[in-house]
There are 2 protein chains.
Amino acid sequence: MTIVELIKNEKAKKEIDVIAGQEKVTPEFIINGILLGEITVPKNINRQLKNPCGVGSGLKTKVNANIGTSPDCASIDYELEKMNECLRAGADAVMDLSTGGNITKIRENILKHCPVPLGTVPIYQVACETFGRGKKIIDMDPKHIFSVIEEQAQQGVDFMTVHCGVTKKTVEVLNRTKRLGGIVSRGGSFLAKWIGSNDAENPLYEQFDRLLDIAEKYDVTLSLGDGLRPGCLKDASDAAQIAELKVLGDLVLRARERNVQVIVEGPGHMPLNQIESHVKEAKKIIHDAPYYLLGPLVTDVAAGYDHITCAIGGAIAASAGADFICYVTPAEHLRLPKKEDVYLGVIAARIAAHAADIAKGVPNAQKWDDEFSKWRKALNWEEQQKIALDPEKFKSERGKLLPNDPNVCTMCSQYCAIKEEK
Amino acid sequence: MTIVELIKNEKAKKEIDVIAGQEKVTPEFIINGILLGEITVPKNINRQLKNPCGVGSGLKTKVNANIGTSPDCASIDYELEKMNECLRAGADAVMDLSTGGNITKIRENILKHCPVPLGTVPIYQVACETFGRGKKIIDMDPKHIFSVIEEQAQQGVDFMTVHCGVTKKTVEVLNRTKRLGGIVSRGGSFLAKWIGSNDAENPLYEQFDRLLDIAEKYDVTLSLGDGLRPGCLKDASDAAQIAELKVLGDLVLRARERNVQVIVEGPGHMPLNQIESHVKEAKKIIHDAPYYLLGPLVTDVAAGYDHITCAIGGAIAASAGADFICYVTPAEHLRLPKKEDVYLGVIAARIAAHAADIAKGVPNAQKWDDEFSKWRKALNWEEQQKIALDPEKFKSERGKLLPNDPNVCTMCSQYCAIKEEK
């Protein structure tokens, strides 16, 4: 039984209490949110999940970190190191997007060591195995797609991105849309190519019930991917993006009928002034399902610093109602991230998420800031460090240039505004 | 004559054409903005200013970078290195906030080498010299304050922060307000202490006309400082902050009557959801004078990463109408910034400024992104690098993990979504 079914049968799972405790809300609040489909708890029935979390309305904004190999760079050990950096930086969930090396084995290892919900994009494995057999993306076999999804579900994957909204119709809309950036989602590009070449419907859409069967069996949370998301500011909010979102909104209702947990993915790149209205409109279209954003990045030109462009867009999006934000690292658009990028990416996304939680009135979010500022006012550096967002960074940065008077800092020394008032 | 007087006498200065060219607007637009007081061109009549810039409505959001010594850390050479890092990163203006070493000599050197508008906070020099004579802040002499201001004006300083809104009345309001963070502005704390101890009015307020005399003589742009700005989220938008802002709004009109250019400074720390409404309200209160913000920082807890918290707040503020944003470096709240912090701080603020310019519809702002995305779509890495926000960073980051196929990157290798579509 999925968690939705368990709740409907009044068999409350211990996760509910754990999550209510984490969020400092009542178990009833969590239960009600899950029954409405506005909160999900991504956890596969086959997983021993040390740190589950809830994602959705009224809860703290959660941060996901993507790791995974690519054909150019495929070491299991290094991916585990990256995973540990994600956790050390405070990620709430991790996705393994591996496309290089022994993908199944990498996932096995990550699943074994990862204490937070783990997500995947199964179409990547399908593509890699299709390539491995000397075939092309357009040769992907629908049976193969579903067998990989079932394999991963059985293995214990907690949530999966499935690009069900890349359909014959939405690809037609895309083709009529004069896009600057085209398709930038890997999964989206695979499926659009497959649809076009085979003149057939996307199996993930056409056989959505088959997908729901697997998701229900293992309680895999479906993350409905935005394969047609805008990859540059100019394409933001265009007809193709919105057409896909409407398809996903309909699939949300179909998943809920089957007691399958579902979240919806969003962009991408978007001018700052479109974000608030987009998120509010999107939440309506997807019937208030948790909305999971990759960014949005508020400019295209800042490669090397896209953790910052993402923090700006993510903070605004989450304050407007997005529930789950995927980090972007400084390596985005340039190369596979290294472990130091992964760390910075999570930190930047956590800053965005926390700023948004204060703005959207998540209970007690600002208490942390008030407590911190109390110690700042008291010039108590030890207590500030203890509760800082990143205590190690706090200590190392301060330590780079220590003051003669340990009460102040080298910015103002004896002219410290706070000290003056003492 | 100040630039306002020159324009009124139809003696257009060459700066107008330069600035109109930079902004891709007509000279008339600039002239009209200056006459309304909605645009300023900070430039002292005694300065040879290589790269002047306009600050205000309808123009690109400008970025200021603060440098300067402190008693713990006072090297002229290192400050010049920091200045060069600011310029390399693309700062539009620099402020020398030195409080350590030979302040006058440091400023002389910076003025000599700095091609962009240079600002100062003269009360710092007053405080340092008062301390140097073995006296306390409460012993500051009003005559001394004005003589330092005139000395700096004559030296060529283009804009000066003057905390004219810290008055007997606004300090009374502050004292009635139960603040968590108190006063966090150095200049604000000096003046509040002086007012309280001497039971006298702030000379910068009481003798505002004397200040205008100096500003008019040298065409120094007055930057009306927010000495009572909130230093933590909890104090944001409180009675003391707003009381001071109203005083500053009144002084804006008095400066305009004297053809003195004026901008107004703003916070500080502020929850994300208050920023847009604050900026819109503040712009009304200050009669649409250019609004110059230090942040706002959207959380108090992220010391070590406050360039990011500032980028989030700054982007939202500028998109809502703020015209000038002061960078915050990763060292903020912890120590005096080093040159690498200075660089990162400017870059983060420039990202915020550009994202805001797109959002507020600054002419042609998004063209840059569209051009960049055209090259991204074409997988043309050389052209992307050329026009990236930070070309060196673009190159060095990509170079850390190069792909086997030079057309793609190591994130996706042969599974590149963009390549797939070719």
Side-chain angles (χ1 to χ4, degrees), chain A residues 70-73 99 180-186 189 193 232-234 271-273 298-305 308-309 311-312 315 319 334-336 348 351 354-355 358-359 366 368-370 372-373 377 388-390 393-394 397-398 401 403-404 409-415 417 420-421, chain B residues 70-73 99 180-186 189 193 232-234 271-273 298-305 308-309 311-312 315 319 334-336 348 351 354-355 358-359 366 368-370 372-373 377 388-390 393-394 397-398 401 403-404 409-415 417 420-421:
Chain A
S70 80
D72 276 313
C73 194
T99 57
L180 179 61
I183 297 181
V184 298
S185 152
R186 265 184 290 188
S189 78
K193 207 167 184 189
C232 61
L233 297 187
K234 195 164 195 296
L272 189 151
N273 56 318
V298 291
T299 170
D300 302 340
V301 301
Y305 303 98
I308 298 177
T309 63
I312 296 171
S319 72
L334 296 170
R335 59 171 168 78
L336 200 70
I351 289 170
H354 178 60
I358 292 163
Q366 199 185 303
W368 183 11
D369 298 75
D370 295 348
F372 187 90
S373 290
K377 172 72 177 158
L389 182 96
D390 184 345
K393 178 80 170 172
F394 185 101
E397 285 300 325
R398 181 165 158 77
L401 205 59
N404 288 316
C409 86
T410 45
M411 173 69 102
C412 306
S413 307
Q414 67 256 42
Y415 303 112
E420 274 305 304
E421 284 188 296
Chain B
S70 81
D72 275 314
C73 195
T99 57
L180 179 60
I183 297 182
V184 297
S185 152
R186 266 184 289 188
S189 78
K193 207 166 183 187
C232 60
L233 297 187
K234 196 164 195 293
L272 189 150
N273 55 316
V298 291
T299 170
D300 302 340
V301 301
Y305 303 98
I308 298 177
T309 64
I312 296 171
S319 71
L334 296 170
R335 58 171 168 79
L336 199 70
I351 290 171
H354 178 61
I358 294 164
Q366 200 186 304
W368 184 12
D369 298 76
D370 296 348
F372 187 90
S373 290
K377 172 71 178 161
L389 182 97
D390 185 345
K393 178 78 168 171
F394 186 100
E397 285 299 325
R398 181 165 157 77
L401 205 59
N404 287 315
C409 88
T410 45
M411 174 70 102
C412 306
S413 307
Q414 67 255 43
Y415 303 111
E420 275 303 304
E421 281 188 297

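Below, chains carry the letters A, B, ... as their sequence lines are ordered, and counting in each starts from 1.
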Side-chain touch B/I358/B/W368, heavy atoms, less than 4.5 angstrom: no

Chain B shares the most heavy-atom pairs under 4.5 Å, among A/N273, A/D370, A/T410, with A/T410

Counting only heavy atoms closer than 4.5 Å, note whether A/T99 contacts chain B via side chain, backbone, both or neither. both

Of the backbone (N, CA, C, O) and the side chain (C-beta and beyond), which part of B/S185 lies under 4.5 Å from a heavy atom of chain A, both, or neither? backbone

Checking heavy atoms, do the side chain of B/C412, its backbone, both or neither come under 4.5 Å from chain A? both

Top of A/L389, A/I351, A/D369 for chain B proximity - count of heavy-atom pairs under 4.5 angstrom: A/D369

Given B/L233, B/D390, B/L272, B/V301, the one with more heavy-atom pairs under 4.5 angstrom with chain A than any other is B/V301

If you take all heavy atoms of B/G304 and B/L334, which pair is closest and at what distance? N-CD1, 3.6 Å

Shortest non-hydrogen contact between B/G181 and A/K377, atoms and distance: O-CD, 3.6 Å

Interface residue of largest heavy-atom contact number with chain A, from B/T299, B/I308, B/L180, B/V298, under 4.5 Å: B/L180

Is it true that atom NZ of A/K234 has more than 12 heavy atoms of other residues, nucleotides or ligands lying nearer than 6.0 Å? no

Can you confirm whether A/Y415 sits close enough to B/P71 that some side-chain heavy atom of one is under 4.5 Å from a side-chain heavy atom of the other? yes

Which of B/I312, B/T309, B/D72, B/L401 touches chain A most, by non-hydrogen pairs under 4.5 Å: B/D72

Can you tell me how far the CZ atom of B/R398 sits from the NZ atom of B/K393, to the nearest 0.5 Å? 15.5 Å

